[in-house]
Structure formats: structure tokens, C-alpha cells
Amino acid sequence: MSTRATDEQGFRELADTYRDELHLHCYRILGSLTDAEDAVQETLLAAWRGLDGFEGRSSFRTWLYRIATNRCLNALRDAGRRRPPEPVPPFDPPEPSRRGEVTWLQPYPDELADSEPGPEARYTTREAVELAFITGLQLLPPRQAAVLVLRDVLCFPAGEVASMLGTTETAVKGILQRARASLDKHRARTAHRPSPRERELTRRFADAFTAGDLDGVLSLLTDDAWLAMPPAPHEYHGREAIAGFLRVTMAVPVEGFTMTPTRANGQPAFVCRHGETPAGLMVLTLDGDRIRAITRFLDQK
């Protein structure tokens, strides 16, 4: 390691080169931008305090990932999965198709997810930040999620991952096999194929939604589409169930509702507002020329 890291300013300059990728790493494991930022701050503080103990047996980057990964796992073990308060809607929603388990999930801005995967990565950068992938990670046991990200996304060798987690290469291989099998089952239910007509499809969706055109919105959905609204656990499956929910919500008069195009988690999204008041972020999962899922993050400002 360069001697420039032996003083605080030099350490900050060196550590800051890894801050963004560490933030994305922590987000993948924790599913929350807020928790990821806390984990990165704790990682860099722990690294600075423990700098004298860094012996250079691994790269500085690997050392930081070791600290960050274990900080994330400790956060999950110490506090359990923190669930935000369930929002109370100003209407009586219909019975959901199911109650989602991952209500703490937050979207990840596309401009932050610009790291390139290694040559042995199992998942592309886009796949490794999509909502289906991040949600699937949240449903895995924490050590499985950590091993899968370190091996299949970041391409750390099995020996380095074993050292990071204080286990053996054999154990890492077994954990990875179980994680892959579980994640593949989840992604099989939620995967999509991006459409070249994405812009037109999303424009039509926004036009119909802001106009309160329920039939227009439903015509753009696949038969097995999902609607989810983190941190609310209510999820609606299929056009009929989604229609029942939207019929109730669209009956509530809203003045000046707008949807501004953006992107999150590698997917088309909209910043929603009621006049000047933030009204969440809506992310669309596409399947060919239809919409497979609508995820509306209710508490995004």
C-alpha cells in the first residue's frame, strides 16, 4: 500500500476511489440506500482505525471489501431486518394477492451503478442491480447473498472470499451452489427481456396513468403482471387484481399529478409528484412490448 495512506488526507484520497463500488456492494446485500451509506461510513472508519494492522497480505481493495461485507452481515445479525412502518392509505385497498417480505427495498439511481463486472462475472452490471436481482438477494440467508455477490458479481477468488468470511473454500463453494439455486428460482418468476420500444411503451404508460385511464394502463400489462409498493407489503398479481387496486386509488381525486422519466436499477422509472409534493418513485419491469411489474416506492423524496 502507498505511504500516502499513512496520513488521514492520503487515506481519504485512497479510500474515496473505492467509495462508490463499496456503496453498491453494501446496497446489494442490504437492499437499502440508507443502510448502505451507513455501512460504507462504518467501513471507512474501521479501516482508518485499523490501518496499522493492515499487513498487505491482500490488496487494499480486498481488505475494504472484507470490512464492508462483515459490517453488512453484522448489521443484519444485530438488528434483524428492519422493517419501515407500514403506510396507511387514504382509502380502503382491496385484498392483496400476497404480502411482500422485502418492504425495506429502496431503488438505486442508475448514475451510481456504473461499475463494470469482472471477466468471470456470472451477471452483467445491469442484471446485478435490477430489482429482481436485489429482491432475490434479500430473500437469501445473508451469508449466501454475500458469497454470491463476492463470487458471481465481483469475481473475487474463492480463497479470498473464504478469508473475508472466516471460513473455508469448500464451505464457500457449497454456500455459492445453494445461493445460485435459490436466486435462479426467484429470478425465473421475475426476469424480463428489455424491449427496443421501451421509450414508447413507458410514454404510453405515463400518459394513461396520469390521465386516470385505467383501461389504457391495463392494456400495457402482461397477464401475470405484479404491482408492489414498498414499504407497504401489499402486492397484486395479474391484471384483474391490479385493476381492483388501481380502480380504488384512481377514484381518489389528485390535482397536478406528474410523472418525470428517469432510471433506477437499470430500468425505466418515473419521479412522481402531486404538484410540488413528492409522491414516490415508480419503476417498471418490461417484458417485450408489455410491462411485467410496477414497483412504486412510496417514500422516495
Side-chain angles (χ1 to χ4, degrees), residues 18-47 49-50 61-86 99-108 112-113 115 122-123 128-154 156 158 160-168 171-187 190 228 230-233 235 265 295 297 299-300:
Y18 301 107
R19 181 183 290 272
D20 288 347
E21 61 178 282
L22 288 173
H23 187 261
L24 180 54
H25 174 61
C26 293
Y27 169 75
R28 286 185 173 118
I29 296 177
L30 299 172
S32 162
L33 279 176
T34 305
D35 292 346
E37 182 59 36
D38 291 343
V40 171
Q41 295 292 350
E42 292 174 7
T43 294
L44 297 182
L45 180 60
R49 289 175 173 173
R61 177 176 181 266
T62 298
W63 185 57
L64 288 178
Y65 268 96
R66 176 176 185 166
I67 298 172
T69 300
N70 283 285
R71 287 283 162 171
C72 291
L73 295 179
N74 287 340
L76 297 178
R77 281 194 293 264
D78 292 346
R81 192 25 120 186
R82 294 187 297 172
R83 294 178 180 271
E86 184 174 328
R99 292 176 66 86
E101 300 177 67
V102 188
T103 56
W104 59 86
L105 186 67
Q106 293 178 317
Y108 200 86
L112 299 182
S115 60
R122 182 181 174 96
Y123 303 100
V129 78
E130 287 176 348
L131 289 177
F133 184 84
I134 302 301
T135 302
L137 289 177
Q138 305 309 300
L139 297 173
L140 295 177
R143 280 173 71 86
Q144 286 190 23
V147 167
L148 188 140
V149 170
L150 290 169
R151 290 287 289 120
D152 284 356
V153 177
L154 298 170
F156 281 106
E160 288 191 7
V161 175
S163 177
M164 288 181 188
L165 299 178
T167 187
T168 65
V172 165
K173 291 177 182 178
I175 293 171
L176 182 59
Q177 288 179 346
R178 294 191 293 274
R180 284 173 173 172
S182 297
L183 188 68
D184 285 347
K185 287 182 181 178
H186 173 78
R187 283 168 60 80
T190 57
E235 297 182 0
N265 293 83
T295 306
F297 295 94
D299 63 349
Q300 299 305 301

For Thr43 and Ala68 the tightest heavy-atom approach is OG1-CA, 3.2 Å
The single option from Val147, Leu137, Leu76 that satisfies side-chain contact (heavy atoms from CB on, under 4.5 Å) with Pro142 is Leu76
Does Val40 offer a backbone N or O that forms a donor-acceptor pair with the side chain of Arg19 under 3.5 Å?
no
Test item: Gln138 side-chain N/O and Arg28 main-chain N/O as donor-acceptor pair under 3.5 Å:
yes
>> Is any side-chain heavy atom of Leu140 closer than 4.5 Å to one of Arg178?
In response: no
**Report entry** Main-chain N/O of Gln106 paired with Tyr27 side-chain donor or acceptor, under 3.5 Å
**Finding:** yes
The single option from Ile67, Leu73, Thr69 that satisfies side-chain contact (heavy atoms from CB on, under 4.5 Å) with Arg71 is Ile67
I want to check something: taking the side chain as every heavy atom from C-beta on, are Arg180 and Leu176 in contact at a cut-off of under 4.5 Å?
yes
Taking every heavy atom of Trp63 against every heavy atom of Gly50, the minimum-distance pair comes out as CZ2-O, 3.7 Å
Review point. Taking the side chain as C-beta and beyond, is there a heavy-atom pair between Val149 and Leu154 under 4.5 Å?
Key: yes
### Message
So does Phe156 get a backbone contact from the side chain of Arg151, meaning a donor-acceptor N/O pair under 3.5 Å?
### Response
yes
Exercise for review: Answer yes or no: is there a side-chain heavy-atom contact under 4.5 Å between Phe297 and Leu131?
Suggested key: yes
When rounded to the nearest 0.5 Å, the distance separating CD1 of Ile175 from CG of Leu150 is 11.0 Å
Here the pair of heavy atoms bringing Ala39 nearest to Leu30 is CB-CD1, 4.1 Å
Between Val129 and Ile134 the two heavy atoms that sit nearest each other are O-CG1, 3.7 Å
Original post:
Does Cys26 reach the side chain of Asp35, with side-chain heavy atoms less than 4.5 Å apart?
Top reply: no
Correct closest heavy-atom pair for Ala228 and Glu235 would be CB-CG, 3.9 Å
Residues Phe133, Leu148; criterion side-chain contact (heavy atoms from CB on, under 4.5 Å); working and verdict:
CA-CA 11 Å; Phe133 184 84; Leu148 188 140; 3.8 Å; yes
Next on the checklist: Measuring only between side-chain heavy atoms, which start at C-beta, is Tyr18 closer than 4.5 Å to Leu44?
Outcome noted: no
- Donor + acceptor pair across side chains of Tyr108, His23 (<3.5 Å): yes
